[in-house]
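Some notes on the structure that comes next.
Because only heavy atoms are used, hydrogens play no part in the values below, and waters and symmetry mates are left out as well, while side chains stay in. First the proteins, then the strands, lettered A, B, ... as listed; each starts at 1.
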Number of protein chains: 2
Amino acid sequence: MSRSVNAREKLLEAAVKLVRSKGFAATSVDDLCGEAGVTKGAFFHHFPSKEALGIAAAEHWSKMTGALFAAAPYQQVDEPLERLLAYLRFRRDILDGELCEFTCLAGTMLQEVYAEHPAIAAACQESIASHAATLEPMIAAAMLARGLDPGGASTGWTASGLALHSQVVLQGAFILAKGNGGPAIARDSVDHLTRYICLLFASEGATPDPRS
Amino acid sequence: MSRSVNAREKLLEAAVKLVRSKGFAATSVDDLCGEAGVTKGAFFHHFPSKEALGIAAAEHWSKMTGALFAAAPYQQVDEPLERLLAYLRFRRDILDGELCEFTCLAGTMLQEVYAEHPAIAAACQESIASHAATLEPMIAAAMLARGLDPGGASTGWTASGLALHSQVVLQGAFILAKGNGGPAIARDSVDHLTRYICLLFASEGATPDPRS
DNA sequence: TTTGACATACCAACTGGTTGGTATTTACGC
DNA sequence: GCGTAAATACCAACCAGTTGGTATGTCAAA
């Protein structure tokens, strides 16, 4: 299948690394090839254009993060609200180390290329939306356990809306973290989000969960 | 002072427009000159480098938004919490029209250039932080009116922290809006933030505001 | 001997930036 | 208030380096 160990994979890894820290436009094809230890011929053998690499990188990112969250400890928690709070704790815990290590490739690229490369933007959007979708069942279950309609009839907010809002908070947290040179603000915002969700389920629940 | 009507000003306007929709790296000096109707000679007469233009654009953005918010209706509201909620209503109301018209230049640039152009990033950070700082007095006053310590001793959250969190939500909302092709998600997130703040001041206040 | 996976060498277009010049204000001695 | 010199604001042409992309070749496995 490959000469050394898959140039395509190495280019995707390089893209994740470089685009996360320099952005898509500022990362040249030569940069990517250099980082991956591969020639330009290999690049254009695997990808018809730089844009195609961008799309593939977003999809690669989706798979990476999908696996990360699938294996995360919060998946073991049974009670839906507890699992959601454990998810937020997990998101908070991984806000550590260098900025480009906990920052989101999809959000970074999406913001930069949404107008000029709609295809890349769509792949990034899909990455974020599909991750948000994994939260929806937890939220919906937690709502149902408290007699709330996940469609928002009784509360004015929906399970999917809250799932997306949590991604909004995380994406925004990354931006402020970049401005601040560290994750402190980001952690603080995740704490605010956690507090919000606790308040939502504490104050609006007419029927508290009988098991908790 | 100027030949036609200030090339420098026109370049800054062009930068705000182009960088908001294409990003900093993808916007070339030629693009900027073309949009501003000015030659490259003029560009490098007014700015020693493209990076310097980026810094100046962030500062220009700060002034623009500073004026916008200083003249906004929420400034007329007396009661602190009401003013804060009116601020959020204002932020929600201006989420309208084309993406590049309600999106934040500072957040867009900051995310893209934080590693490669620290000086630009600093200017963007300053723009966001100084705007957040205008919210702090409202929040602190609202907290004090309810017997809460703005430093966070009783609540675990501070006035400045909540101010920054609101910027986090807005910045994140812009990203998701770009993914969604419209402001709907962004508005939804501002609603969540508003609900959070209402819950914060409704549930944690031992001493409700006597005037409201 | 064909095919997939790369490498090498190359290209036209574009990049940020410089040069040397000109038109227009401004500062100021008179 | 006036002439003039210096400064400012701007322009057109140019430059070396880089850009994304291509044409052609190599080489091992099937």
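- Note that NZ of A:Lys17 is 14.0 Å distant from CG of A:Leu105, once rounded to the nearest 0.5 Å.
- The distance from atom NZ of A:Lys10 to atom C1' of C:dA5 is 12 Å, rounded to the nearest whole Å.
- Summarising the geometry, the separation between CG on A:Leu18 and P on D:dG20 is reported as 12 Å, rounded to the nearest angstrom.
- In this structure, NE2 of A:His45 is placed 15 Å from C1' of D:dT24, rounded to the nearest angstrom.
- By the ring pair (Phe, Tyr, Trp, His ring centres under 6.0 Å) test, A:His117 is found to be paired with A:Phe24, residues two or more places apart in sequence or in another chain being considered.
- Taking atom NE2 on B:His46 and atom C1' on D:dA7, their separation rounds to 14 Å, with Å as the unit.
- Within a 6.0 Å radius of CD in B:Glu98, other residues, nucleotides and ligands contribute 12 heavy atoms or fewer.
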Given protein heavy atoms under 4.0 Å, the one-letter contact record of nucleotides 10-17 of chain C, with B base, S sugar-phosphate only and - none, is simply -----BBB
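- B:Arg8 places its CZ atom 13 Å from the C1' atom of D:dA9, with the value rounded to the nearest Å.
- In this structure, A:Asp191 pairs ionically with A:Arg92, as a charged nitrogen and a carboxylate oxygen lie closer than 4.0 Å.
- Closest approach of B:Ala26 and A:Glu116 over heavy atoms only: CB-OE1, 4.5 Å.
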side-chain hydrogen bond (donor to acceptor under 3.5 Å, both in side chains) between B:Arg91 and B:Tyr87: does it pass, once the steps are laid out?
CA-CA 6 Å; B:Arg91 292 307 305 251; B:Tyr87 163 77; 3.0 Å; yes
